[in-house]
Amino acid sequence: MELTKSKKKRKGGIANYSKYGQMFAIPFIIGFLLFQLYPIIYTITLSFTDLAGWETELNFVGFKNYIHILHNDHFLRALKNTWIIWGMNFIPQLLVALILAKWFTDNAVKIKGEGMFKAIFYLPNIITAASLAILFNSLFGFPHGPINQILIHFDVLQEPFEFFRSKPGTRIIVAFIQFWRWYGSTFIILCAGIMGINPSLFEAAKIDGASDWKIFTNITLPLLKPITLYILITSLVGGMQMFDIPFLLTGGGPDYAVETGMIYVYNQAFTGNRNFFMSATASVVLLLIIMVFSALIYYVMNKDKRKVSR
Amino acid sequence: MKNRKFIKKAIKYFVSIILFILSVIPFWILAVNATRSTEQIQQGFSMIPSHFISFNYEVLTGRGFGFYRGFANSMFISTSFTLVVLYFSAMTAYALVVYEFKGKKVLFSIIAFVLMVPAQLSLIGFYKMMLNAGLTDSYIPLILPGLASPATVFFMRQYLLSSFPITLVQAARIDGATELSIFHKIGLPLMKPGLATMGIFTFVGSWNNLIVPLMLISTEDKYTLPMLVQLLKADIYRTEYGSIYLGVAMTILPLVLVYAAFSKFIIAGVALGGVKE
């Protein structure tokens, strides 16, 4: 007791001001408790109840909702859709972004108008997803949408194709829009990552006679791992919450082909019986999936890193 | 050797130009079709604008597409939200860098942790909470959560740590300035460049947000622009292709203009986001 008191006295200057530090942080803390912590806890709580419709009283039902949802074909289908669409978008997105980043950072073969290309590749990312969904709904329209008109004009198709009646067709369109919106962002981040690598590493490898491809796979890629990890996790977190594009493009159809986890969450709470308990349970399951896979990716990537450094 | 280099270059340009066209062409078709009549759009594809834009506009607004109202609503929400985020995030980051206080470490750990928690997944709890508080159909739940923006605090903290001269604060104290006025007169102005970067991403994020206002807002007069866009799918516009394209074009135009003005700045910000980690 004595000791801490005297310590405080000696540190006097700082202790005097410490209350300001706390005061300045209070609005953040209130906002955090009220709008982030409480809603999460409340969502988790609701997942253990039977709250639905306009009821205000809730009964706790234990793990019933979790047991129910893990046997619910509708929800499992939504999860499957989310993963399929995310994978169909993320794999090509990362590949294209990596190739572009390699090209745009290669000093031997410079591309003119680099800044302009970057700006245009990123453009779709900043545009409202809701507007893009309606736009692509019109572009792929049947029978008079521009895509159908172009494909018929060039004899790719004999007659108009009803894209939004085809399950694979609609999934490909959603994955394509996601790819189209995000590859520019991934590309810019990877460029920044490559430019952050010490240039003497590349020079040394070149002097040793390493080929372009060897330098890319043995130096660039391993050193890009932390940034790729960041891209992978942010993309996964975003992908598992995909909502705007499939929701406004077709509402999740045809035959639920693009009904994602988040659309399921929304529909459970805001249509039909307003099953908040199912909606909350689905949210928590999605949250757990994100947490488990993020940790897994992090663990796998870091395990590799340890091996390399050894 | 020279030949190989030429082929390499040709491939790079070819792919880049294809992707360039891919990025631009949907918007080009959108702009062109916004000026064409429904008959023209049905008859065939064209890259050349027509002259039906005012006709399409009449149809669009005549059937209840309240663009200006939606624009004003979105503007109000996004501006207020961004100001709240910037002011209080700067304040929190300033507290974390300038002061030593009890609980500082805990606070920073919370910020770093919450950074990874996907916000959308607590929306059901958030919605029920607002319903209980009688705050649905109000803009308060769209603006006040800006009080706690962990990503902005995190970024601003890094920014301050790398560039903020604490000695300025000490000098101001000797001059007898209060702590709050030191924050306003020295802290905030020095944070401006960092705040500008976070500000534009916060604004665009809020502007484009669909699901939160979709859950909360029910009166059509209060609709935000992204919510308004979904009306274009309604039956009243079913065959009015020209008007649908025009409606979408109008909602996209403000962002295209903002992007045209700030693209360099925005791309620098995107690059920063990845390097930070």
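Just so it is clear, the model here is predicted, and its values are computed rather than measured. We name chains A, B, ... by the order of the sequence lines, and we start the count at 1 in each one.
Annotation: maximal heavy-atom pairing with chain B below 4.5 Å, among A:Ile40, A:Ile41, A:Ile127, occurs at A:Ile127. Ranked by non-hydrogen atom pairs under 4.5 Å with chain A, the options B:Pro226, B:Ser263, B:Ser89, B:Gly205 are led by B:Pro226. By number of non-hydrogen pairs under 4.5 angstrom with chain A, the leading residue of B:Ser23, B:Ala95, B:Pro141 is B:Ser23. For the set A:Gln36, A:Met23, A:Lys118, the entry with the most heavy-atom pairs within less than 4.5 Å of chain B is A:Gln36. Among B:Leu214, B:Thr251, B:Val153, B:Ile111, the residue making the largest number of heavy-atom pairs under 4.5 Å with chain A is B:Leu214. For the set B:Ile211, B:Leu232, B:Leu30, the count of heavy-atom pairs under 4.5 angstrom toward chain A peaks at B:Ile211.
With a 4.5 angstrom heavy-atom cutoff, B:Lys102 touches chain A via backbone and side-chain atoms both. Looking at B:Ala119, the atoms closer than 4.5 Å to chain A (heavy atoms on both sides) all sit in the backbone: N, CA, C or O. With a threshold of 4.5 angstrom between heavy atoms, B:Met227 does not approach chain A through any atom at all. The contact between B:Ile267 and chain A is made by backbone and side chain atoms together, counting heavy-atom distances below 4.5 Å. Contacts between B:Val114 and chain A at a heavy-atom distance below 4.5 Å involve the side chain alone, from C-beta outward. Proximity to chain A is limited to the side chain of B:Asn132, based on heavy atoms less than 4.5 angstrom apart. For chain A, the nearby parts of B:Leu22 are the backbone and the side chain; heavy atoms of each come within less than 4.5 Å. Heavy-atom distances place the side chain of B:Ile266, and not its backbone, under 4.5 Å from chain A. With a 4.5 angstrom heavy-atom cutoff, B:Pro150 touches chain A via backbone and side-chain atoms both. In this structure, the portion of A:Ile233 lying under 4.5 Å from any heavy atom of chain B is its side chain and not its backbone. In this structure, the portion of B:Ile29 lying under 4.5 Å from any heavy atom of chain A is its side chain and not its backbone. Interface remark: B:Leu131 contributes side-chain atoms only to the contact with chain A (heavy atom separation under 4.5 Å). In this structure, chain A has a heavy atom under 4.5 Å from the backbone of B:Ser149, while its side chain stays farther away. Proximity to chain A (any heavy atom under 4.5 Å) is shown, for B:Lys104, by neither the backbone nor the side chain. Contact annotation for B:Ser16: both backbone and side-chain heavy atoms come within less than 4.5 Å of a heavy atom of chain A.
The closest side-chain heavy-atom distance from B:Ile124 to A:Leu46 is below 4.5 Å. Contact check for A:Met240 versus B:Leu121: no side-chain heavy atoms found under the 4.5 Å cut-off. Residues B:Val270 and A:Ile189 are in side-chain contact: their nearest non-hydrogen atoms beyond the backbone lie under 4.5 Å apart.
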task: Could you please spell out the steps behind the ring pair (Phe, Tyr, Trp, His ring centres under 6.0 Å) verdict for B:Phe27 and A:Trp180?
output: CA-CA 13 Å; B:Phe27 299 116; A:Trp180 182 70; 5.6 Å; yes
- prompt: Between A:Ser138 and B:Tyr245, does a side-chain contact (heavy atoms from CB on, under 4.5 Å) hold up when you go through it step by step?
  reply: CA-CA 8 Å; A:Ser138 302; B:Tyr245 281 110; 3.5 Å; yes
message: Walk me through whether A:Tyr17 and B:Glu179 qualify under side-chain contact (heavy atoms from CB on, under 4.5 Å).
response: CA-CA 9 Å; A:Tyr17 290 111; B:Glu179 293 299 308; 3.0 Å; yes
task: Under the side-chain contact (heavy atoms from CB on, under 4.5 Å) rule, what do A:Trp103 and B:Lys8 come out as? Steps first, then yes or no, please.
output: CA-CA 10 Å; A:Trp103 286 355; B:Lys8 255 186 181 173; over 6 Å; no
message: Checking A:Val96 against B:Leu19 for the side-chain contact (heavy atoms from CB on, under 4.5 Å) test, could you report, in this order, the C-alpha distance in whole Å, the side-chain angles of both residues, the deciding distance, and whether it holds?
response: CA-CA 10 Å; A:Val96 169; B:Leu19 288 172; 4.2 Å; yes
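B:Tyr13 contributes a side-chain N or O that, together with a main-chain N or O of A:Lys112, makes up a donor-acceptor pair within less than 3.5 Å. Side chain of A:Gln149 to backbone of B:Ile41: a donor-acceptor contact under 3.5 angstrom is found. A:Tyr266 places no side-chain N or O within donor-acceptor distance of the main-chain N or O of B:Met215, the cut-off being under 3.5 Å. No donor-acceptor pair under 3.5 Å is formed between the side chain of B:Asn208 and the backbone N or O of A:Ala129. Between the side chain of B:Lys264 and the backbone N or O of A:Ala119 there is no donor-acceptor pair closer than 3.5 Å.
A:Phe270 and B:Tyr127 have their aromatic ring centers within a separation under 6.0 angstrom.
Note: A:Phe24 and B:Tyr99 have perpendicular aromatic rings, judged against thresholds of 30 and 60 degrees for the angle between ring planes.
Among B:Asn33, B:Val229, B:Val248, the one residue that satisfies the side-chain contact (heavy atoms from CB on, under 4.5 Å) test with A:Leu135 is B:Val248.
Looking at B:Lys12 and A:Asp106, a side-chain N of the basic residue comes within less than 4.0 Å of a carboxylate O on the acidic one, giving a salt bridge.
The side-chain tip of B:Lys128 points at the ring of A:Phe276 from less than 6.0 angstrom away and within 45° of straight on.
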